[in-house]
Every structure is written in C-alpha cells, then in structure tokens.
Amino acid sequence: MSLFEPDVDVAIIGAGIAGIGLGIRLRRRGDRSFVIFERASQPGGTWRDNTYPGVACDVPSHLYSYSFMPNPGWSRFFAPGAEIQSYLLASAAEEGLDEHIRLDTDVTGARWDAGRDLWELESSAGTVTARVLVLAAGRLSSPRYPSVPGIDAFPGPAFHSARWDHDVDLSGKRVAIVGSGASSIQIVPEVARIASRVSVLQRSAPYVIPRANPEYTAAERSLLERDPAELARLRAALFWRAEEAYAQRAAEPQALDAARTRALDHLHAQVADTSLREKLTPHYEIGCKRVLISSDYYPAMSQPNVSLEASALAAIEGNTLVMVNGTRHEADVVIFATGFHAAEQPYAETIVGRGGVTLSEHWAHGMTAFASTAVSGFPNMFVINGPNAAVGHNSAIYMIEAQIDYILGALQYQRAEGDPVLTVTAEAEREYVDLVDGLSASTVWMTGRCDSWYLDPRSGRLTLIWPDFAFAFRERNGRFDEHAYEGVSRKIPSA
Amino acid sequence: MSAKPTLVLVPGLSGRSTWDFPFIAPMLCRRFEVTEVDFDAAAPDLDSLLAIVDAAVARCATPPVLLGYSLGATVAARVSRPLASLVLVAGWWRPSPKLVAFANSWMTLRAEESTALDEVSALALYSAEGWDAARALPADSVTDALVALAAGVDVSEVDLSATAPTLVIGGSHDEVATTRETQLLFGAIRDARYAELRSGHAVTHERPAELLELVTSFAAHPTEFPAGSIISEQSP
C-alpha cells in the first residue's frame, strides 16, 4: 500500500466504448474515485469521430451494445453511427459518468513513480496522480494518411474519413476517395449520389458480402422492451451465430469455400461489367483482411459517374492524384479513407513504466501483454483494445467487457489484499505471447497472402487480432488471476 | 510438444459424422485428435453400433472424450471402456412417443416416396428459431435403418452407475428425443451435469458454436461443475 495518497484511485484515458463501459461498472460497484480523460469535447470515441455520410456499424446492434445496458429501441439490425453515439452518450449520462469525465483534456504523458507507487499523469489541465492507470485510448482512433509527396499541397479540401468536414459541399464536385476498406465502402454510395465524379483509388479489392438491414418494427421493439429475457435471447442467438464465422478465420477449408463463394456470388450478381468485376475481385484469401458488408457498394461502383482505379496513390500534384500505375485523376476534393495507426499506437510513446522504459520501447517489435491486458514493467496499468484483443467476426464490445471484467477482478483483489502493486511477470507475458503465436500460425491472417493492418510490419506477428473464438477470449482472459504477477507464487493455469 | 488429447464423435440418425458435425468436428480438430465414427452398416443393430464405437475408443492412444449425438448418445452411454469424459448431446433415456411417431412417419413417407419427407423431417428435427439452419436428413438405407432402430433404443436398461464424468446436453425445443427424456439421462447418470441449448433436436446444426464452447470447456475441466450441476446458459 502506498504511503502517498493519489489524487484519484483509477485514471482512465479515453471516453469511448471502453472508458464509458469501465466507468459504468466502477460506479455500479460503488467506486467514485476515478476520472476518465477525454481529449475531445464529447465522449463516444469511434462513434463521435466517424460522422461521414453512411456511417454505420457492421455488427448487429443488439450485440454491439453493452450487455449491462440493453437497448430495446435499436432502429435497425445494423445501427447507424449517430444512433450508437446517442446510445453511448445516454449510457454515460444515465449512469452518472458526467462528473467523472474530463472533456477537452489531453493526457500528454504518464509516468510510473516507483518511489510513491503511483502514476503521474501530465495533461492539458495539469498533473494528476492515480493509483491505477487504464489505457482505453482506442484501437482505431489516430487517422493514418498515405505518405506521398504533395499531400499537404492539394489546393482543395482534403480530409480523413474520421475527420469529416461537413462544411464542404460535395454536390457537383470531382471527388477522389483514397482507400477501399470498411469506411470507404460506406462513403462511396453516399458521395456518388451527389458528386459529379467519384474516383475510388484502391490498393487491393475487399471481399464484400450482402448486407440485409431490416428495421425493427414497432411490435418487435415493444416486445423487447416488455420482455427483457427475449432481448437476452436475441443477443445470445446473434452472438453464437457470429461465432460460427470464426471457422473461416481458422482457415477451415469448407468454411472458407462457402464464405468466398458467397462474396464472389454477390460480386457477380451486382456487377455485370467484366472488367470492373475483375478489378473488384480480391487476390488473397477471404478473411485475411476485414470482410466487408454492403449491398450498395457494388451498385455504386457501376454508376457512370464512378470510376475505380486499381492502383495505389503515388503522389499529389496540384489537383491531380498520380497513381503508381501512372494514371492521373483530377479532383476538387480528396477524402482519405485510409484507416488508422493500429499496430503502433501513438499513445505508447507517452507512457513511461518502471526504469524509464516507454511503452513504445517495450512494444518495439509489436504490442504484447499478458491476457491482452497487463504489460510487464508497467505496474498497476491495464490496457483495453491493445494487443490481440480485436475480433473481426464478432462484437468488439464483448471483448471490451471481458477486459473490463479482468480489470475489475484485479481491483477487487487489490482491495482485498491491501492494495499491493500489481506487475505482471515478463515470463507470464512471454508465455501468453507464445500461446497467441501458436494459435495464430494456421489462421487466415497468417496464411491468406495479404497485407493487413492486423499484422505488425516490424515483426510480421499478428498483434491486433485475438486468434480464436470470442468466447475463448473471455474464458481465458475475462478473469483476473494473481498468479501471473510479481510477488505472487507462480501457478499459471495450463492451456 | 505433447500429443493432443483424443476425442471420438458418434453421429445420430444420419449415421454420418460429416453430416452431423460439420462445424464442431473441424473446430475440435484444432485441439484434439478427433476420430469421426460412421454407421454405414446396411442392417445395423445396437450391438453392431456399439462394437463400432467401442473399437474407435479402443484405438485411441489415451482414454478419449466420447461425444455421442442423438442415437449416437444412446450408444456412447453403453461404452464400458475407460474414458476421459462423456458428452451426450440430445440423447434419450427411453424412446418418447414422439420419437416413435417420428420414426413411423419417416418409414411411411419413405415407403410412399413422398415429396413431403424432407419438410416433415426438418419440421420435427429443427426448432423455429433454428429454422434457417434446417436441412433435409439424407434419405437412404442407412438413415432408414437407424431411424427404425432409434425408436426402440432404451437406455433405461443400461447400467449407468460407473460412467466417466458426463455432460448431458439437451435442446430446449427438442420434440424428437424430447427435452424431458434427455433430462432423464442427467437424472440417471451419477456423475453427470446438465446444460441446455435453445434448439430443437438438431443441436449440432442449430447452435454449433455454443455447443463447441460447452464441449471444449467441459473437456478441459470435466469436474469444474460437480455431479448434479445444472450449467446455466452464458450471457454474452
């Protein structure tokens, strides 16, 4: 137990789904000594940042919500982004988080003070000390731009999909959309409605499967409200159905065949032009990159005002986007749907653990953590949405909740034991990394012949994705076990 | 690296493991050395099915996890060799009147070469919730023989006093084995726990991922839940 009283017990960085979720669970168990730092002027994370036209979730809404905050009112099978953002804001407000969230407060660094056994956070609002630090800063929160010459000298509006400039009127404009991933396929159909010309610049074609998105009828919504058990059953059915898709990621041949056929049949059904179809056909195994869900992307690509360039952006010269294959595209507006810094999280440079080692130094060969949550050399620190905690086939919120359970277990243990400092052993972290590497070896992310942001470019390791069923993540990582920590006798449960 | 633990899969009325376990078999192969049993005898009786399963168990390098589904569960329950654990999915203690009626309908429609057969069997085997997973049970002589046999298979006559740690899994909407008769297996087997999935009889098609979770978790820690426990459904 520290002799120094910290300003707060728990400091959480980030008021997105993870930070809000942890905050709600902390308050519900009676904790009041915690703050959530948020650099933006509103909570919400991903769903605050992404306001582009067409933004929506591709996980069913009743699964893409907190298990402890069920929402019978979801409008559709897949909710629009704004509806999710409203849900998150309402959840935070209803559960009394407003008094804990420090908006417009950028945490610029955090340092473990070994003399006082606490974290010292530097922020735009001053210094704060905390006993426990939780990094909930998001996985896809730092926009990534292509590093090509001339990008800063484009004369017209140019912005990232997650920093949409709603003041720019795209009507009648020539719009270049760089990228063909999850954001792009939602943006293209919307922009194609109003722009005079849309150029989609694609490095590699995605697999796209059909997206039926029925509205929930008034009767359905009322039933879910009147019978919470029915909502729980619906959620469970959605969860287990989603889990079945992991067979594809595990590269089970029949599952891969079925999924690939479904996607390519969708392409054939929606795109008649053979040369366009060829350009839209992926040249890697399905699942190696994120599988996208859309029923209006391919029809949009077939419209006369939309063109697809199957090449990477090489440079920007004035109003002209020059491609690697030599083609040139004139544009009035450029939209970068080019993703995020995922493998190397910018926040890692600012977190300093024991012995002055930064988290980015510890992660020099890729992110690692025990149970995907605790990092050796970083006492009393937990990270949500960090190493190997993402899923492509199921709900991110399920994974976040498992991590929240783990952290609450750790806090519970500390409370019961007189607040010992918890530092996971390097050995436990290494064993966990070996386990993850073993699990990932045969998955489609490693064998599918693609270049994805799930792999760390420095080591080639799968560092973003959890390479197993989501239920297996919760079973393995959803419960705190003190035996992996320094000063506690070792007894790691076997695999 | 140590050898994988062994697991034997025993199919139901189709007699074919690839038909009954299209999802769990390849997924279990990631963790287990899996043997998939097939019942392909033209005129099977209970003894010949038991001999097939018994031989598969005997071939395993170590005592396996033995998983029987439907008719396969009623056979697996009779195996007397040492097992790591036993999983009985949608099995029955005694044939219910609805199981007998299903078998009679099957044989009648087969004899008439009725076009209604596929739909009638799906209506019986799948729940409304799992209807999108429904597929027609293969109609051939193997299935004919196994369906006819099933109507008379009674586990209540078997000595169940010395089984390995057992997990009995029922379908909440199973109108063929019937949930009640599956639960009676749980009642009858001393070292048994019970879990129920929201499904008709065709649990392996309707809720395969949830079934996988139950099986892998139980196989890893067979006695985590003491005998007599009812394992509650997970809330994801």
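Within every chain, numbering begins at 1; the chains are lettered A, B, ... in the order of the sequence lines, protein sequences first and strands thereafter. Bear in mind the structure is a predicted one, so any value in this text is a computation, not a measurement.
- To the nearest 0.5 Å, the span separating CD on A/Glu475 from CD on B/Gln234 amounts to 6.0 Å.
- Nearest heavy-atom pair, A/Phe471 versus B/Ala209, reported as atom, atom and distance to 0.1 Å: CE2-O, 4.0 Å.
- Across B/Pro236 and A/Ser67, no two heavy atoms sit closer than the pair O-CB, 3.8 Å.
- Within the model, atoms CD of A/Glu243 and CG of B/Leu212 stand 9.0 Å from one another, a figure rounded to the nearest 0.5 Å.
- Using a 4.5 Å cut-off between heavy atoms, A/Glu244 touches chain B through backbone and side chain atoms alike.
- A distance of 4.5 Å separates CZ in B/Arg31 from CG in A/Asp468, rounded to the nearest 0.5 Å.
- Within a 6.0 Å sphere centred on CZ of B/Arg135, other residues, nucleotides and ligands contribute more than 12 heavy atoms.
- To the nearest 0.5 Å, the span separating CD on B/Glu213 from CZ on A/Arg474 amounts to 10.0 Å.
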| request: Begin from the C-alpha positions of B/Asp132 and A/Arg241 and carry the test side chain to side chain contact (heavy atoms under 4.5 Å, CB included) through to its verdict. | output: CA-CA 11 Å; B/Asp132 59 346; A/Arg241 180 50 52 90; 2.9 Å; yes
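- For the atom pair CZ of A/Phe239 and OG of B/Ser235, the computed distance is 11.0 Å after rounding to the nearest 0.5 Å.
- Only the side chain of A/Ala250 comes within less than 4.5 Å of a heavy atom in chain B; its backbone stays farther off.
- Nearest heavy-atom pair across A/Ala247 and B/Phe23 is CB-CE1, 3.8 Å.
- For A/Ala255, no part sits under 4.5 Å from any heavy atom of chain B, backbone or side chain.
- In this structure, CZ in A/Phe469 is found 5.5 Å from CZ in B/Arg30, a value given to the nearest 0.5 Å.
- Neither the backbone nor the side chain of A/Leu238 comes within contact range of chain B; no heavy atom of the residue lies under 4.5 Å from a heavy atom of that chain.
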